[in-house]
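What follows is a short report on a single structure.
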Amino acid sequence: MTLSSAVNGFLGAILGGLALGMAYGLIAVGYSLVFGILRLVNFAHGAIYALGAYGVFFLTSRGMGLLPALILAAPLSGLGAWAVEKWALAPLRRRGASGMAQLVTTVGVSFLVQNTLSAEAVFGSEKQVFPSLNAFGSVQVFGVTIQSSQIIMFLAAMGLLLALTWLVQGTRLGLAMRACAQNFRAARLVGIPVEAVVGLTFFLGGACAAIAGTLIGGYYQVISPTMGSLIGLKAFSAAVVGGIGVLHGAVAGGLVVGVGECLAAQYLGSNVRDPMAFVLLIAILLVRPRGLFGREGVEKV
Amino acid sequence: MLEVDALSVRYGPIRALEGLSLTVAPGEIVALVGANGAGKTTAVNAIAGLLPCRGRVRFQGRDIANEKPHRIADLGIRLSPEGREVFPELTVEENLRLGGFSLRKGALAGELERVYGLFPRLRGRKRQAAGTLSGGEQQMLALGRALMGRPKLLLLDEPSMGLSPQLTERVFGLLDTLRRQGTGILLIEENAKPALALADRAYVLETGRVVASGEARALREDPRVRRAYLGT
Ligand SMILES: Nc1ncnc2c1ncn2[C@@H]1O[C@H](COP(=O)(O)OP(=O)(O)OP(=O)(O)O)[C@@H](O)[C@H]1O
Ligand SMILES: [Mg+2]
């Protein structure tokens with residue numbers, strides 16, 4: 001192996017990892033936002049990711065273009081996530097159910113969605129070929145081959161994450177979200193419709209997951225009903241690695257996991273790829289128990 | 001403007017409030033006094049919509065019992081809660097902006113100015129996280145937050161908690177000003193004496209029931225008030 005091909009292999013893994021990692025970040029923010037506001041790990045999130053990809057798959061198989069299909073499927077998936085909150089989780093909270101009851105409910109919803117997608121009458125359990133995101137072939141940068149799908153994935157995910165950051169940090173709605181994340185009771189007292197804000201948080205997370213499902217589906221050009229379970233866990237790890245409840249932490253965690261797994265695949269073999277996210281999770285939490293950007297005091301009233 | 005009739009609240013088997021009836025008129029300060037655990041906080045929390053309750057709560061002729069708290073807030077009722085409950089990780093200014101959550105943009109700036117005028121200490125700490133304020137400063141912030149948007153009815157649960165005597169006096173002066181501007185105020189105070197001196201009328205609560213009520217001044221020498229505040 002020549003020096004330059006070694007450098008190229010390394011750079012290729014880094015760039016590929018950044019692209020994939022940004023998409024992980026887009027999923028991870030969904031975990032982070034919901035955790036921030038409810039202190040709940042939403043295990044249905046991976047299923048919404050799959051749901052979004054299947055929505056786009058369905059529409060494109062009916063002749064719609066990838067972008068219009070996504071523009072339709074993303075808000076619909078967001079509505080799906082909103083519905084889970086509205087009809088499964090919020091009623092539990094109103095009746096004073098424990099966090100554990102909500103957690104188990106999200107696991108149940110996840111299986112429900114997955115099994116519905118894989119029903120013979122719906123899409124079936126086999127993998128499906130997904131339209132390619134590699135719209136413009138590939139480019140060479142310093143001798144490293146980068147696919148346009150990677151560039152699209154990176155830019156689209158980054159753009160959305162920036163928009164989301166602006167929403168949370170720079171708007172009145174985001175201020176309400178941050179207030180709810182700290183104290184529901186005080187938020188109610190100043191006139192914030194807390195349940196609506198929680199529902200909107202699920203909607204945003206679900207829509208982002210659907211977009212990530214489309215980006216990653218288009219990158220690998222294959223989807224399956226269970227596609228959300230492993231990636232969901234990876235993105236959840238990413239959220240924890242970055243410091244759960246912290247928006248930029250989710251992005252950083254996604255990038256760490258994405259780059260980590262691509263480097264692992266490059267140097268340790270492709271079967272090390274998937275476990276890498278969890279190795280990183282354990283290693284980083286041992287050093288920084290609250291994650292890279294985690295704060296003290298996620299306790300909440 | 002506020003008419004509470006036969007209000008009852010239970011926490012599971014505990015009856016915290018049994019048949020509370022009271023009224024607050026515009027431009028009136030009404031004190032709610034009673035020993036620890038008498039049910040004062042329970043009463044204002046129920047009026048603000050935070051607790052499920054039985055009985056009637058009417059505000060400006062409109063039934064608001066068991067209405068959602070954000071709706072009640074939007075009608076112009078603001079609670080400055082026991083224990084302050086500021087948003088600790090948000091800045092002072094963000095906390096105040098949240099107080100004016102339902103205001104239009106233009107109105108918001110004016111209200112911020114007004115509240116900073118009332119509590120100049122907060123102006124200097126605009127960008128400081130509320131959780132890092134001193135206890136007294138947090139109390140000012142909780143009050144300022146409740147005052148954003150000029151509520152018609154203020155529910156104040158121990159607003160002088162943690163304030164120095166001078167500052168308490170200033171806050172009481174502020175309440176007097178608000179009264180003259182027509183705001184209705186329901187005031188809970190640990191310090192019954194100055195509260196009864198300020199208030200127009202008062203209700204004395206004992207284990208969830210009103211045991212005495214009437215003109216605040218007359219109640220100052222009432223033995224039931226003394227019993228509620230042993231030693232004061
Ligand atoms: N969440 C709760 N669960 C069970 N009991 C409660 C709860 N909150 C209050 N109580 C009980 O209800 C009664 C009234 O409490 P409340 O807080 O209204 O008293 P208070 O008059 O405000 O007292 P203090 O002067 O100490 O603030 C008390 O006996 C208290 O123990
Ligand atoms: Mg109290």
Side-chain angles (χ1 to χ4, degrees), chain A residues 32-33 35-37 39 86 90-91 93-98 165-201 243-249 290-291 293-301, chain B residues 11-12 41 44-45 47-52 67-91 93-105 108 111 129-132 138 141-149 151 154-157:
Chain A
S32 222
L33 286 174
F35 184 87
I37 211 162
R39 303 298 183 269
K86 168 107 178 155
R93 287 200 304 280
R94 269 200 301 279
R95 289 168 179 73
S98 65
T165 306
W166 169 77
L167 181 85
V168 171
Q169 297 297 333
T171 69
R172 178 170 166 271
L173 178 65
L175 185 58
M177 286 170 75
R178 287 183 287 142
C180 290
Q182 288 182 34
N183 187 335
F184 269 6
R185 213 155 38 144
R188 292 196 166 99
L189 287 176
V190 297
I192 297 173
V194 167
E195 296 307 322
V197 171
V198 173
L200 189 89
T201 305
I244 194 147
V246 185
L247 211 57
H248 55 276
R290 292 175 192 282
F293 295 93
R295 294 162 310 193
E296 299 271 332
V298 281
E299 264 45 64
K300 118 168 230 200
V301 186
Chain B
Y11 299 105
T41 296
V44 286
N45 282 354
I47 294 168
L50 293 174
L51 293 171
E67 181 63 271
K68 291 206 173 77
H70 71 91
R71 292 256 158 75
I72 295 177
D74 284 347
L75 291 175
I77 301 182
R78 281 304 161 89
L79 168 63
S80 171
E82 185 176 58
R84 309 186 277 255
E85 306 211 18
V86 296
F87 300 105
E89 289 177 29
L90 302 183
T91 64
E93 177 135 332
E94 285 172 330
N95 269 272
L96 292 177
R97 280 180 182 279
L98 282 162
F101 183 72
S102 311
L103 296 177
R104 282 171 302 102
K105 239 190 181 154
L108 187 63
E111 282 300 290
T132 64
Q138 287 189 25
L141 181 57
L143 265 173
R145 187 178 64 184
L147 289 174
M148 289 288 295
L154 266 176
L155 310 171
L156 302 176
D157 198 344

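Throughout, a chain's letter reflects where its sequence line sits, starting with A, and its residues are numbered from 1.
In terms of non-hydrogen atom pairs under 4.5 Å with chain A, the most contact-rich of B:Leu79, B:Leu50, B:Asp74 is B:Leu50. Ranking B:Lys105, B:Arg145, B:Lys68, B:Arg71 against chain A, the residue ahead of the rest is B:Arg145, based on heavy-atom pairs under 4.5 Å. Counting heavy-atom pairs closer than 4.5 Å to chain A, the top-ranked of the candidates B:Pro151, B:Ala73, B:Gly131 is B:Ala73.
A donor-acceptor contact shorter than 3.5 Å links the side chain of B:Glu111 to the backbone of B:Gly149. Checked by atom type and distance alone, the side chain of A:Arg290 never pairs as donor or acceptor with a backbone atom of A:Gly243 at under 3.5 Å.
A salt bridge links B:Glu94 with A:Arg178; the closest basic N to acidic carboxylate O contact falls under 4.0 Å.
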Pair B:Met148-B:Leu108, side chain to side chain contact (heavy atoms under 4.5 Å, CB included): steps then yes or no: CA-CA 8 Å; B:Met148 289 288 295; B:Leu108 187 63; 3.8 Å; yes
